[in-house]
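One structure is given below, encoded as structure tokens.
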Amino acid sequence: MLIVTIPRLAMLFWEKNFKEYKNVLGSIIKVIVTILIPSSIGIIMLAPEIIMIISGKKYLASVTPLRFLAIALIFSLLNTIVSECVMIPAHEEKKLLKANLIAASVNLILNLVLMPFFSFNAAAVTTVISELTSLSINTFEMKNVMYGVVRSEHILKGIIQSTIGCIPIVIICLLVKEFVYLIWLRGLVAIVLSIVAYVCVLLFMKNDAVLNLLNRFCKR
């Protein structure tokens, strides 16, 4: 979705149609956040089941790194939005390169310091920190655009709704872990029920992103 939208955003930016540009950018952020937050929460909650199904019991030590990487996923995709949809259309490649170099340096230094003590867990933690570093720098560099979009009422509302929608996901995953004993069935039931509950909560709160996707699906 980001790739196909970049040319349109670039065109709107250079036409100085900033109102439409921010509307399109806001729509992208809403859709990404609506999918991204519950996906990351689901990975965090079902990390043991995911590891068991994919790799087996002997790799359960990877549960903690996987949970950290689920957090890193949030920062990474948000940073992709800022870099690909804001900085590139604005021809701010030099600032983007600077941020990436700083984040890579932070990652390298922290890995050298922490890896001897925390092994592969350190690599996951440093990934979170480096992704957050890059996102923070890029957002600050493009603050004139990003602050206006992120602080808009419909974006904040969408983030709040998605966060609230994750509450039943956590509850469902905890309950399924208690009552379903087969690993693969536990994961399947938790995923299906979580998706249904999440969508129902967002529909109840009249989430714009879900309503728009539902309307497009019904028109086909």
Side-chain angles (χ1 to χ4, degrees), residues 2-3 29 32-33 35-88 92-143 146-147 150 159 162-163 166-167 169-178 180-184 186-188 190-191 194:
L2 295 178
I3 294 175
I29 294 175
I32 294 295
V33 166
I35 299 172
L36 178 60
I37 294 178
S39 298
S40 296
I41 294 297
I43 293 172
I44 291 171
M45 295 303 300
L46 297 176
E49 286 74 20
I50 294 172
I51 296 297
M52 286 283 288
I53 292 172
I54 295 177
S55 303
K57 190 174 182 179
K58 62 182 179 179
Y59 290 99
L60 279 176
S62 302
V63 167
T64 299
L66 179 60
R67 284 173 170 160
F68 277 114
L69 291 175
I71 298 172
L73 178 65
I74 296 176
F75 298 139
S76 177
L77 287 182
L78 291 177
N79 189 43
T80 299
I81 293 175
V82 180
S83 59
E84 302 290 336
C85 297
V86 180
M87 301 187 81
I88 289 180
E92 295 289 1
E93 291 87 352
K94 289 184 179 180
K95 292 181 179 179
L96 178 58
L97 177 60
K98 176 183 174 183
N100 288 338
L101 289 174
I102 293 173
S105 300
V106 169
N107 196 335
L108 177 61
I109 293 170
L110 289 178
N111 271 309
L112 291 174
V113 173
L114 299 178
M115 283 285 282
F117 302 99
F118 302 104
S119 185
F120 50 81
N121 288 324
V125 173
T126 57
T127 299
V128 174
I129 296 172
S130 63
E131 291 292 350
L132 178 58
T133 300
S134 181
L135 172 62
S136 301
I137 294 172
N138 289 335
T139 302
F140 178 77
E141 292 287 1
M142 305 305 295
K143 57 183 179 295
M146 293 306 302
Y147 288 0
V150 174
I159 294 173
S162 295
T163 303
C166 289
I167 295 175
I169 294 178
V170 174
I171 295 172
I172 287 170
C173 289
L174 291 174
L175 291 175
V176 170
K177 286 174 182 285
E178 289 293 325
V180 181
Y181 298 100
L182 290 176
I183 295 295
W184 66 269
R186 185 189 305 166
L188 179 62
I191 290 171
S194 294

Problem - Donor on one side chain, acceptor on other, Ser83 and Asn138, under 3.5 Å - result: no
Practice task
Look only at the side chain of Lys177 and the backbone of Met45, and say whether a donor-acceptor pair between them is shorter than 3.5 Å.
Solution key: yes
Exercise for the section: Taking the side chain as every heavy atom from C-beta outward, state whether Met52 and Lys57 have any pair of such atoms under 4.5 Å apart. Expected result: yes
Exercise for the section: Say whether, by atom type as modelled, one donor and one acceptor occur between the side chain of Ser40 and the main chain of Ile71 under 3.5 angstrom. Expected result: no
Practice task
Look at the side chain of Asn107 and the backbone N and O of Ala103, then say whether any donor-acceptor pair between them is shorter than 3.5 Å.
Solution key: no
Exercise for the section: Could you pull out all residues at least two apart from Arg67 that satisfy side-chain hydrogen bond (donor to acceptor under 3.5 Å, both in side chains)? Expected result: none
Handout entry: Side chain Ser134, main chain Glu131, donor-acceptor under 3.5 Å
Key = no
Problem - Test item: Ser76 side-chain N/O and Ala72 main-chain N/O as donor-acceptor pair under 3.5 Å - result: no
Handout entry: Beyond-backbone contact of Val82 with Leu78, side-chain heavy atoms, under 4.5 angstrom
Key = no
Handout entry: Neighbour count above 12 (heavy atom, 6.0 Å) for Phe140 CZ
Key = no
Practice task
Answer whether the closest heavy-atom distance between the side chains of Leu73 and Leu77 falls below 4.5 Å.
Solution key: yes
Practice task
Using the test side-chain hydrogen bond (donor to acceptor under 3.5 Å, both in side chains), find all partners of Lys143 that sit at least two apart in sequence or belong to another chain.
Solution key: none
